[in-house]
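Down below is the structure, laid out as structure tokens.
Chain letters run A, B, ... following the sequence lines, proteins first, then strands; residues in each count from 1.
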Amino acid sequence: MIDIRLIRENPELVRENIKKKFQNEKIPLVDEAMRLDKANRAAINEASELRARRNQLSKKIGILMGQAKKDPTKAEEAEKVKAEVKADGERLAELEELEGKCKAELRAVMLKIPQIIDPSVPIGPDDSHNVEVQRFGEPKVPEYEVPYHTELMERFGGIDLDSAREVAGSGFYYLIGDVARLHEAVLAYARDFMIGKGFTYMIPPYMMHGAIVEGVMSQSDMDAMMYKIEGEDLYLIGTSEHSMIGRYIDRIIPAETLPHTLTSYSPCFRKEKGSHGLEERGVYRIHQFEKQEMIVVCRPEDSMDWYEKMWRYSVELFRSMDIPVRQLECCSGDLADLKVKSCDIEAWSPRQKKYFEVCSCSNLGDAQARRLNIRFKDADGKITLAHTLNNTVAAPPRMLIALLENNLLEDGSVRIPEVLRPYMGGKDKLEKAKAV
RNA sequence: GCGGAAGUACCCAAGUGGCCGAAGGGGCUCCCCUGCUAAGGGAGUAGACGUCUAAACCGCGUGCGAGGGUUCAAAUCCCUCCUUCCGCGCCA
């Protein structure tokens, strides 16, 4: 969401930005926004004049009513003034309705106009134009065969999808034994890794009210992703970002506490409406998974530095588990409307011989903050919109795929990266285990 | 979940329809006095948002937990919801 003042002052810049994002159909929205903004302000002005008049006259009535106790003629006078105020009532009600309508329509339009992207963002219409920026680690393909991840997990007696389907449907899993333990080990390690970077660990609510959901996501995302609790005003979170950022709605943060660098754990629940390809079987795309996330709320001038730091943390984390990764920058057309700049960290899959997404790092600039009214206040009293960023630290079910594939040994066992061993009771290998 | 009480500015708190954007106190900021560790006097102290403006000040509008309603007029009356506290119940 951009500042309406930017449209008032520099509509051409906003149109150019829309073109860069290959959303030409949205260009008329700029004029639409200007029109609504103008109508809105006209209504506000007329309505507040009427209100001012009403306030004045009402005060006068009050005085007359007081005097009427001694002088009955004043009561008549008061009645006259009452009639006067009442006469304006209809017009005022009309204007108030108009005001509400314009405001709502304007917001709807503004929500569709994309955030101004960073000049460094590569221009391209869709994800095929995303740009590989850099690789970290050697993407190796072993001589021996690398099986599908579910098969690997089954080898260690670590997964039961059949029962999960029966109990909860497709898109759920039972993780078992060492695989389940490894899953938690990754989370615990990721948590401690971020704490080591100075982030504050947080466990947020896993459910939230509809009003917060509407604040943190678009209606279409909401329909496609969110599970609602029947009969209650509660939704299951799709990522801890939802309740972590929701925490800041309508807040004025004391500037001296910035930046807020947080790392949150939560289960995530997603409907995942849409097609599931062959490569999305197993634990790749599921309705329930767990994730360690990083969230930064900072001053505008610091957000690009944080963006750089954040994606590098992901790279460092994955490299410490011997997983080759690359940084893939989102091009303009693939960049979500709220984002100023974003990149994915993709892990190497020796089986598919390609990289796949494991982390998504985004700088939302002030777009999310404007939408949710997240501001900070300096010592001199100046209030400014904050910048917000988020990035995945680790989402184990999916990243377990990369972990297993990249650490698979020729004998069919999986080496446990050293950093995870303390969380695995010192174990250094996953070995064949019987199913339970 | 049931019953009871409450929600007013940084904090405490008065205020049951009209000179109330809100008494009083504490705290904080500034000034004065006095000086020896604490006391006296005075002034200031909604923030925020919208609008107006080139911008700011000013003005105007909104604002007393949130949202509706009644009324010429709502902190005050009515309805719904939320939160907190105290009992009881239930429960990891």
Side-chain angles (χ1 to χ4, degrees), chain A residues 1-11 33-107 109-110 203 205-215 229-235 243 246-257 267 366 369-386:
Chain A
M1 195 175 184
I2 61 171
D3 193 339
I4 182 72
R5 275 176 294 192
L6 185 63
I7 291 184
R8 278 183 213 155
E9 283 159 21
N10 198 348
M34 284 201 277
R35 187 185 66 76
L36 286 167
D37 176 47
K38 215 171 158 189
N40 187 34
R41 284 190 289 161
I44 288 171
N45 279 329
E46 197 186 336
S48 63
E49 262 168 49
L50 282 179
R51 281 194 205 101
R53 200 168 113 88
R54 182 190 65 191
N55 289 347
Q56 267 172 16
L57 292 178
S58 287
K59 198 166 258 186
K60 199 166 149 197
I61 294 169
I63 296 167
L64 287 171
M65 300 284 275
Q67 292 169 342
K69 282 172 194 151
K70 289 180 188 162
D71 179 357
T73 63
K74 294 286 185 187
E76 270 173 55
E77 210 177 308
E79 286 305 319
K80 258 195 206 160
V81 185
K82 271 192 201 179
E84 223 177 299
V85 183
K86 203 164 188 174
D88 286 342
E90 213 169 291
R91 177 65 186 150
L92 185 57
E94 240 171 65
L95 285 166
E96 273 171 355
E97 202 191 320
L98 184 67
E99 212 182 313
K101 217 177 110 194
C102 286
K103 213 174 145 190
E105 279 174 21
L106 180 61
R107 185 176 166 88
V109 170
M110 290 303 286
I203 300 176
Y206 303 155
M207 296 187 201
M208 54 183 180
H209 289 313
I212 305 293
V213 180
E214 280 162 23
I229 305 295
E230 198 181 325
E232 307 211 30
D233 178 25
L234 284 173
Y235 292 78
S243 44
R247 175 170 179 260
Y248 286 94
I249 284 183
D250 290 327
R251 241 208 228 187
I252 298 176
I253 306 164
E256 66 272 16
T257 68
D366 62 9
R370 180 169 295 107
R371 201 177 148 160
L372 303 175
N373 205 19
I374 302 172
R375 296 164 296 168
F376 67 88
K377 187 185 202 169
D378 277 305
D380 63 6
K382 193 167 174 278
I383 288 178
T384 315
L385 286 169

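Between the side chain of A:R8 and the main chain of A:M34, no donor-acceptor pair closer than 3.5 Å is present. Here the side chain of A:D233 pairs a donor or acceptor atom with the backbone of A:G210 at under 3.5 angstrom. With hydrogens and angles disregarded, no donor-acceptor distance shorter than 3.5 Å links the side chain of A:R371 to the backbone of A:M1.
Taking atom C1' in both B:rG59 and B:rA43, one finds a spacing of 25 Å when rounded to whole Å. Nucleotides B:rG18 and B:rU76, compared at atom C1', are 11 Å apart to the nearest Å. Nucleotides B:rG26 and B:rA13 have their C1' atoms positioned 10 Å apart, rounded to a whole Å. Here the separation of B:rG69 from B:rG87, taken at their P atoms, is 39 Å to the nearest Å. Taking atom C1' on both nucleotides, B:rU8 is separated from B:rG63 by 12 Å, rounded to a whole Å. A gap of 8 Å separates the C1' atoms of B:rG17 and B:rC77, to the nearest Å. Taking the P atoms as reference points, B:rU29 lies 34 Å from B:rG67, given to the whole Å. Comparing B:rG44 with B:rU51, their P atoms are spaced 31 Å from each other, to the whole Å.
Side-chain atoms of A:I7 and A:M110, non-hydrogen and from C-beta on, do get closer than 4.5 Å to each other.
As the counterpart of B:rG3, B:rC86 is assigned, both hydrogen-bonding distances of the Watson-Crick or G-U wobble pattern falling under 3.5 Å.
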Open item on the list: Walk along nucleotides 48-60 of chain B from 5' to 3' and tag each nucleotide B, S or - by protein heavy-atom contact under 4.0 Å, base first, then sugar-phosphate.
Closed with: SSSSS-------S
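Heavy-atom nearest nucleotides on RNA chain B were determined for A:R53 and for A:H209, and the one closer to the 5' end corresponds to A:R53.
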Check nucleotides 69-76 of chain B for protein N or O atoms closer than 3.5 Å to its own N or O atoms and list the pairs.
| from | atom 1 | to | atom 2 | distance (Å) |
| --- | --- | --- | --- | --- |
| B:rC72 | OP1 | A:K86 | NZ | 3.4 |
| B:rC72 | O2' | A:S58 | OG | 3.3 |
| B:rC72 | N4 | A:K82 | NZ | 3.4 |
| B:rA73 | O4' | A:S58 | OG | 3.2 |

